[in-house]
*Asks:* 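I have a structure I would like to understand better, so I am pasting it below and will then ask my questions one at a time.
The structure presented is a predicted model; accordingly, all values stated were derived computationally and were not measured. Residues: numbered from 1 along the sequence shown.
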Amino acid sequence: MSPTGCPTVVERIRASTRTRHENLEATAFSTAMLAGTLPLDRYVDQLAAYRVVLKALEEELSRATGPCVTSVWSADLVKLPLIDRDLMYFAEDGVFPASVAAAPAGAFAREIRAAALSDPRALLGFLYVLEGSTLGGMILRRYVAEAYGLRDTDGVAYYASGDRERWARFTARLNEVLPGQGEQDGVITAVGRAYHHIAAITGALSTGLAATP
């Protein structure tokens, strides 16, 4: 709860996304990753799709000038170089994305660009979902490394980027700059839109894969 006794924006986001998060975990892409049966090109394709999204998001966050966004966004949240490192690692081994998720990734990127013009605070909702996904990556990294015989951070630099202390600082700043429900609503809507797009990306990546119990 906030000092006013009202739910914080992070509390509201968590309550509104619990089912969406569970649905993503049940997709064929996610279950295959946990089972160690995900084709390597699908993993690389996810990285490529996220690169499209993160490029748009990080560029727009870096350009934003409003105090709400600049108080939350910081250089330690940048992830694009990590994805580039992973994609380069696989490219050197001759593994390239099949681009099955290119269309939904592009749609997400376009919505990010549009939001930056119409309601820059919405960028914080998109950022919440992308940054939050790296916490799950801390767990998934082991499954990915074992499945593809990866060592250290080779091919998993993005998945290895989760940091609970950084997440705590990020969510604390988010709660601080969005104390009232009226200020929170647009960001929470953006979180829902981010989940919509991530579901579309994961759905595309799941094409032709059988869900693993």
*Asks:* With side chains defined as the heavy atoms from C-beta onward, is the minimum distance between H197 and V53 less than 4.5 Å?
*Replies:* no

*Asks:* Please check: side-chain N/O of R166 versus main-chain N/O of S161, any donor-acceptor pairing under 3.5 Å?
*Replies:* yes

*Asks:* Is the side chain of D41 donor-acceptor paired with the backbone N or O of P97 at a distance under 3.5 Å, no angle test?
*Replies:* no

*Asks:* Search all heavy atoms of A101 against all heavy atoms of A49 and return the closest pair with its distance.
*Replies:* CB-CB, 4.0 Å

*Asks:* If you define the side chain from C-beta out and look only at heavy atoms, does anything of I198 sit under 4.5 Å from F108?
*Replies:* yes

*Asks:* Look at atom CD of E176 and say whether more than 12 heavy atoms of other residues, nucleotides or ligands are closer to it than 6.0 Å.
*Replies:* no

*Asks:* Is L40 linked to Y89 within one hydrophobic cluster, defined over Ile, Leu, Val, Met, Phe, Trp and Tyr using a side-chain heavy-atom separation of less than 4.5 Å?
*Replies:* yes

*Asks:* Should V100 and T207 count as side-chain neighbours, where that means a heavy-atom distance under 4.5 Å?
*Replies:* no

*Asks:* Mind checking whether L54 and F170 sit in one hydrophobic cluster, side chains of I, L, V, M, F, W, Y counted as touching below 4.5 Å?
*Replies:* yes

*Asks:* Report the residue from E60, E58, K55 that forms a side-chain contact (heavy atoms from CB on, under 4.5 Å) with I112.
*Replies:* E60

*Asks:* Taking T171 for the side chain and A168 for the main chain, is one N or O donor matched with an acceptor at less than 3.5 Å?
*Replies:* yes

*Asks:* For M138, I'd like to know if atom CE has over 12 heavy atoms of other residues, nucleotides or ligands within 6.0 Å.
*Replies:* yes

*Asks:* Checking T17 side chain against R20 main chain: does a donor-acceptor pair fall under 3.5 Å?
*Replies:* no

*Asks:* Take T202 and Q46, measure what side-chain contact (heavy atoms from CB on, under 4.5 Å) needs, and give me the verdict at the end.
*Replies:* CA-CA 8 Å; T202 306; Q46 186 200 41; 5.6 Å; no

*Asks:* Could you report the tightest heavy-atom contact between A204 and P104, atom names first, then the distance?
*Replies:* CB-CG, 4.1 Å

*Asks:* Looking at CG of L127 and CH2 of W73, how far apart are the two atoms once the value is rounded to the nearest 0.5 Å?
*Replies:* 6.0 Å

*Asks:* Is there a path of hydrophobic side-chain contacts, each under 4.5 Å between heavy atoms, that joins M88 and V95?
*Replies:* no

*Asks:* How many angstroms lie between CG in L61 and CG in L123, if you round to the nearest 0.5 Å?
*Replies:* 5.0 Å

*Asks:* Indicate yes or no: at least one non-hydrogen side-chain atom of F96 is less than 4.5 angstrom from one of V44.
*Replies:* no

*Asks:* Taking the side chain as everything from C-beta on, heavy atoms only, tell me whether T65 gets closer than 4.5 Å to P120.
*Replies:* no

*Asks:* Between R169 and S74, is any side-chain donor less than 3.5 angstrom from a side-chain acceptor?
*Replies:* no

*Asks:* Could you give the distance from NZ (K79) to CZ (R85), rounded to the nearest 0.5 Å?
*Replies:* 12.5 Å

*Asks:* Is it possible for you to say whether F29 and L140 belong to one hydrophobic cluster, with membership spreading through side-chain heavy-atom contacts below 4.5 Å?
*Replies:* yes

*Asks:* Which atoms form the tightest heavy-atom contact between F126 and A194, and what is the distance?
*Replies:* CD2-CB, 3.9 Å

*Asks:* Testing the basics here: between C68 and L178, what is the closest heavy-atom pair and its distance to 0.1 Å?
*Replies:* SG-CD2, 3.8 Å

*Asks:* Identify the heavy atoms of S71 and V177 that sit nearest to each other, and give their distance.
*Replies:* CB-CG1, 3.7 Å

*Asks:* Can you confirm whether Y50 sits close enough to D86 that some side-chain heavy atom of one is under 4.5 Å from a side-chain heavy atom of the other?
*Replies:* no

*Asks:* Between T27 (side chain) and L24 (backbone), is there a donor-acceptor pair under 3.5 Å?
*Replies:* yes

*Asks:* State, yes or no, whether a side-chain contact exists between V191 and L124 at a heavy-atom distance under 4.5 Å.
*Replies:* no

*Asks:* Can you name the closest pair of heavy atoms from T153 and A160 and give their distance?
*Replies:* CG2-CB, 4.3 Å

*Asks:* Transitively linked via ILVMFWY side-chain contacts under 4.5 Å: L135 with V10?
*Replies:* yes

*Asks:* Any chance you could measure L87, atom CG, to I83, atom CD1, to the nearest 0.5 Å?
*Replies:* 6.5 Å

*Asks:* What's the separation between atom OG in S133 and atom OH in Y159, rounded to the nearest 0.5 Å?
*Replies:* 8.0 Å

*Asks:* Using a 3.5 Å distance criterion without hydrogens, assess whether the side chain of D163 forms a donor-acceptor pair with backbone atoms of E165.
*Replies:* yes

*Asks:* If we ignore hydrogens and angles and just use 3.5 Å, is the side chain of S30 paired with the main-chain N or O of A26 as donor and acceptor?
*Replies:* no

*Asks:* Any heavy-atom pair between the side chains of D185 and R12 that's under 4.5 Å?
*Replies:* yes

*Asks:* Check whether D45 reaches the backbone of L205 with its side chain - one donor and one acceptor, N or O, closer than 3.5 Å.
*Replies:* no

*Asks:* Within this structure, what is the CZ-CZ distance for the pair R63 and R113, rounded to the nearest 0.5 Å?
*Replies:* 5.5 Å

*Asks:* Are F90 and Y148 close enough that their ring centres sit under 6.0 Å apart?
*Replies:* no

